[in-house]
Every structure is written in structure tokens, then in C-alpha cells.
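Here the structure comes first, spelled out in C-alpha cells, and everything after it is commentary.
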Amino acid sequence: MTDAEPTVGDLSEGQVLRGILDRLPASTAPVGPGDDAAVLAVPDGRVVATTDTLVHGPDFRLAWSSAVDLGYKAAAVNLADVAAMGARPIALLVALAMPDETPIAFVRGLADGLAQACAELAPGCAVEGGDLTASDTLTIAVTALGSLEGRAPVRRSGARPGDAVHVIGELGVAARGLDLLFTRFTDAAGSPVAVTPEGRAALDPADSYALDRQLRPRPPIADALRAADAGATAMMDVSDGLALDATRLADASMVTIAFDAGALGEDVALALGGGEDHGFLATFPEGVVAPGRRVGTVHPRGEVAVTVDGRPWTGHAGWDPYRDWDAGRG
């Protein structure tokens, strides 16, 4: 440890907070960071709110993700949930629980990643507050707020038989990136090793792209808002795997989602079972010109929630942390 790179344990909460706020764009809210709470302007009087937490271990590994990566991903996954409701993201509230030995430079990198994600994915959205605390486990909890701007919220429960099923964004790319991390960036004991520039250079372009999309997902926020404006009857963020998320939408709407395998790409299992692309699954009335690509049709509720070419999907459905997290893996 040197004076040139202090840790959060060497500084006061106010000094750590200043290290974050100095990296973020100036707030445009009526009352931004600095008081007990922010005050936001929401013209139509309705606020969409969501929260998501990234925990070191099940959600990320410091050997694989830079501070900027983590800040970017923490913002992106929450921005996607807001947009899935047909709302424009307007603010993030960020709570950080950090070990004392966390370098202040790392905290600044997190702030840079948060700012970059907002600027690139949801211009006009900003970090408007949050909380800092100490913990043995690095944890990033983000609450995102959005404005419906006069739209009706697009819920999971609105799909109707005869609707077209669209996917907006990529399928299976982030899952391919995760597989690369576990196969190319672990040692003989299965522990994660750093993703170095040399390691990245050894990847082919497709693998390098997949790795980037795992570490910094890019949900198509603007396309989700276009889907809402086009008349989407139901929509949700695809975060845990298309088959699992489609099951959730089908159960909420009491329908069956019938996928066309040919529309899902060359690797159907990866498209259905992979997660973390943070695209969108949406349904539209037949004939509506809508974003994304058509991958199926909504049918009346049958014996199962999801079919592929008319048969129940029995392959891997996606990520369930209570089922799939293995503390010993990696």
C-alpha cells in the first residue's frame, strides 16, 4: 500500500464519495446527489422502479472484470429492466458495499463505468444518489428509475394467442463469453486468472466479441422503447436465458410461447439456454411492424409453457442462482 493509491479503508466515507461524484457528469435533476435524497422530475407522474445486485462470486469475478466493466454492467442490467416496461431510464441509485482494502482507484473506475453505460445506452440517465458501506464481499446494488412518458407499462402478462414473438438483440453471445472465461481464463485448479491483453489477443474476433458482451452487455434500450411505441402486448428483459424467461412470460400471460427453431440461429440450445445478453423478448399483434426478429408465435395455453417446433423444450432453460451457483467452480 502506498500514499499514491489509498484504499477505502484509509479514507472517510465523504472522501470515497467525492472520488465517485468527481467522475460522474453533473446532475440535471432538481435536486441531485448531496442531500438525504434526490428529487427527480417525472412529467407524467408515474415512476418505473427496479433493482438488481451484483455480488462477487455468483455474479462476477475480479480476475475477469475491470472496475469499469463492473460499473458498466451494473448499470446496463438495470437499464434493461426499466426499458422492458416501456420506460425511459432517468436515474440510477447505487449502493456499494466494499472491503476496506478496495483501492480508491477501483471505486473511481466503477464510477467511470456507470457514467459510460448511461451515456451510451440511455442518454439523459444519471447516477443521482446511493450509499456506501463496508463488507467482506464486494457488492454493487443498483436501483433504476424510469419515466413512462405517457405510455402504458408493457407487462409480462399481456401476450395473447396469435401474437408474433420477437427477440430484440442478441442470443447466446454473452453465454459464449462466459464459457470462454471458464475454459480459457482459469488455472488447473479452476480458479479464475486475469484476462490480460495477451489473453484477449489470442482470441479470434468472434470470441473476443462474445467476451466483451459478457463483461459489458449492451441492451438495445432505444429499440425496447420503439417496441413499446409499436404496440408490444408483452415484453421482458432476457437475462436468465430465453427458455426460462419465455416460460415466465408465458405463465404470466397464461399462454404457450411456440418458438421456431430455424429462427433462433445455428445453435438452438445456446440461444434458448444462454443468458446475460439483456436483449428483449416481446410479443406484438400479428402484422405490426416491430423491432427485432420474429422467432415464434403465441398459442393458447397448452400442457407446457414453451415449445420448439411444436415439441416441449427439455434442454437447459437458463440461469437460476439458487440451482446453478457453485461456489467451488472457478
Exercise for the section: For residues S253 and R156, determine if any side-chain heavy atom of one lies less than 4.5 Å from a side-chain heavy atom of the other. Expected result: no

Handout entry: G302 backbone acceptor or donor facing T256 side chain under 3.5 Å
Key = yes

Practice task
Give the intermediate values and the outcome of side-chain contact (heavy atoms from CB on, under 4.5 Å) for residues L93 and T51.
Solution key: CA-CA 9 Å; L93 306 175; T51 190; over 6 Å; no

Exercise for the section: Could you tell me which non-hydrogen atom of L114 sits nearest to which non-hydrogen atom of G71, and how far apart they are? Expected result: CD2-O, 3.4 Å

Exercise for the section: Treat each ILVMFWY residue as a node, draw an edge where side-chain heavy atoms are under 4.5 Å apart, and state whether V173 and L203 are in one component. Expected result: no

Practice task
Taking the side chain as every heavy atom from C-beta outward, state whether V48 and M85 have any atom pair closer than 4.5 Å.
Solution key: yes

Problem - salt bridge (charged side-chain N to carboxylate O under 4.0 Å, His left out) pairs, two or more places apart, involving residues 249-260 - result: D251-R301

Problem - Expected output: side-chain D163 to main-chain R160 donor-acceptor under 3.5 Å - result: yes

Completion exercise
For P219 and A76, the nearest pair of non-hydrogen atoms, with its separation, is CG-O, 3.6 Å

Practice task
Run through L70, I20, D69 and flag the one making a side-chain contact (heavy atoms from CB on, under 4.5 Å) with L110.
Solution key: L70

Problem - Same apolar cluster (I L V M F W Y, side chains within < 4.5 Å links), F106/V8 - result: yes

Fill in the blank from the handout: A227 and I168 have their tightest heavy-atom pair at CB-CD1, 3.7 Å

Practice task
Apply salt bridge (charged side-chain N to carboxylate O under 4.0 Å, His left out) to E286 and list each qualifying residue two or more places apart in sequence or on a separate chain.
Solution key: R294

Exercise for the section: Applying side-chain contact (heavy atoms from CB on, under 4.5 Å), run through I140 and D59 and close with a yes or a no. Expected result: CA-CA 10 Å; I140 309 163; D59 297 311; over 6 Å; no

Exercise for the section: Flag yes if more than 12 heavy atoms outside R46 fall under 6.0 Å of its CZ atom; otherwise flag no. Expected result: yes

Completion exercise
ring pair (Phe, Tyr, Trp, His ring centres under 6.0 Å) pairs touching residues 183-221, sequence neighbours excluded, are none

Exercise for the section: Go through the steps for D267 and R176 under the test salt bridge (Lys or Arg N to Asp or Glu O under 4.0 Å), then give the verdict. Expected result: CA-CA 11 Å; D267 192 332; R176 179 178 176 181; over 6 Å; no

Fill in the blank from the handout: Residues passing the ring-ring contact (aromatic ring centres under 6.0 Å, His included) test with F60, sequence neighbours excluded, are H56

Exercise for the section: Give the cluster check for L225 versus V288: same hydrophobic cluster or not, with ILVMFWY residues linked at side-chain heavy-atom distances below 4.5 Å. Expected result: no

Completion exercise
Quick note, salt bridge (charged side-chain N to carboxylate O under 4.0 Å, His left out) partners involving residues 181-190, not counting sequence neighbours, are none

Problem - Gap separating the OG1 atom of T28 from the CG atom of L40, nearest 0.5 angstrom - result: 9.0 Å

Practice task
Decide, yes or no, whether a salt bridge links E120 with R218 under the criterion of side-chain N to carboxylate O below 4.0 Å.
Solution key: yes

Exercise for the section: With sequence neighbours excluded, give me every ring pair (Phe, Tyr, Trp, His ring centres under 6.0 Å) pair touching residues 272-304. Expected result: H166-F284

Practice task
Using the test salt bridge (charged side-chain N to carboxylate O under 4.0 Å, His left out), find all partners of E128 that sit at least two apart in sequence or belong to another chain.
Solution key: none

Exercise for the section: Not counting sequence neighbours, which residues clear side-chain contact (heavy atoms from CB on, under 4.5 Å) with I104? List them please. Expected result: P6, L11, V16, V107, R108

Exercise for the section: Answer yes or no: is there a donor N or O on one side and an acceptor on the other, between the side chain of D277 and the main chain of G172, under 3.5 Å? Expected result: yes

Problem - Check: T137 main-chain N/O paired with T139 side-chain donor or acceptor under 3.5 Å - result: yes

Exercise for the section: Say whether V55 and L138 are linked into one hydrophobic cluster, either directly or through other cluster members, by side-chain heavy-atom distances under 4.5 angstrom. Expected result: no

Problem - Main-chain N/O of D81 paired with D237 side-chain donor or acceptor, under 3.5 Å - result: no

Handout entry: Donor-acceptor under 3.5 Å (T133 side chain, A97 main chain)
Key = no

Problem - Under 3.5 Å donor-acceptor, D10 side chain and T7 backbone - result: yes

Fill in the blank from the handout: When every non-hydrogen atom of G86 is compared with those of L148, the smallest separation belongs to O-CD2, 3.9 Å

Exercise for the section: State the OG-CD distance between S65 and Q214, to the nearest 0.5 angstrom. Expected result: 7.5 Å

Problem - Verdict with supporting geometry, E276 and R213, side-chain contact (heavy atoms from CB on, under 4.5 Å) - result: CA-CA 9 Å; E276 296 192 295; R213 286 300 178 265; over 6 Å; no

Practice task
Indicate if L121 and M235 have the same hydrophobic cluster label, given that clusters are the connected sets of ILVMFWY residues with side-chain heavy-atom separations under 4.5 angstrom.
Solution key: yes

Practice task
Using modelled atom types only, decide if a donor and an acceptor are shared between the side chain of R200 and the backbone of T196 within a distance under 3.5 Å.
Solution key: no

Practice task
Determine yes or no for a side-chain-to-main-chain donor-acceptor pair under 3.5 angstrom, with D309 supplying the side chain and A261 the backbone.
Solution key: yes

Exercise for the section: Using salt bridge (charged side-chain N to carboxylate O under 4.0 Å, His left out) as the criterion, list what pairs up with D52, not counting sequence neighbours. Expected result: none

Exercise for the section: If you link ILVMFWY side chains whenever their heavy atoms are less than 4.5 Å apart, which other residues fall into the same cluster as V268? By chain and number, please. Expected result: V165, V167, L171, M236, V238, L242, L249, V255, I257, F259, L264, L272, L281, V295, V298, V306, V308, W313

Fill in the blank from the handout: Members sharing V31's hydrophobic cluster, built from side-chain contacts under 4.5 Å between Ile, Leu, Val, Met, Phe, Trp and Tyr, are V39

Handout entry: Nearest heavy atoms of A175 and L270, plus distance in Å
Key = CB-CD1, 3.8 Å

Exercise for the section: To the nearest 0.5 Å, tell me how far L178 CG sits from L215 CG. Expected result: 9.5 Å

Exercise for the section: Please confirm whether the backbone N or O of L181 pairs with a side-chain atom of T186, one donor and one acceptor, at under 3.5 Å? Expected result: no

Completion exercise
salt bridge (charged side-chain N to carboxylate O under 4.0 Å, His left out) filter on D229, not counting sequence neighbours, yields R151

Problem - Inter-residue atom distance C125.SG - L79.CG, 0.5 Å rounding - result: 5.0 Å

Problem - CG-CD distance between D112 and Q116, expressed to the nearest 0.5 angstrom - result: 6.5 Å

Fill in the blank from the handout: Here the pair of heavy atoms bringing P285 nearest to T233 is CD-CG2, 3.8 Å

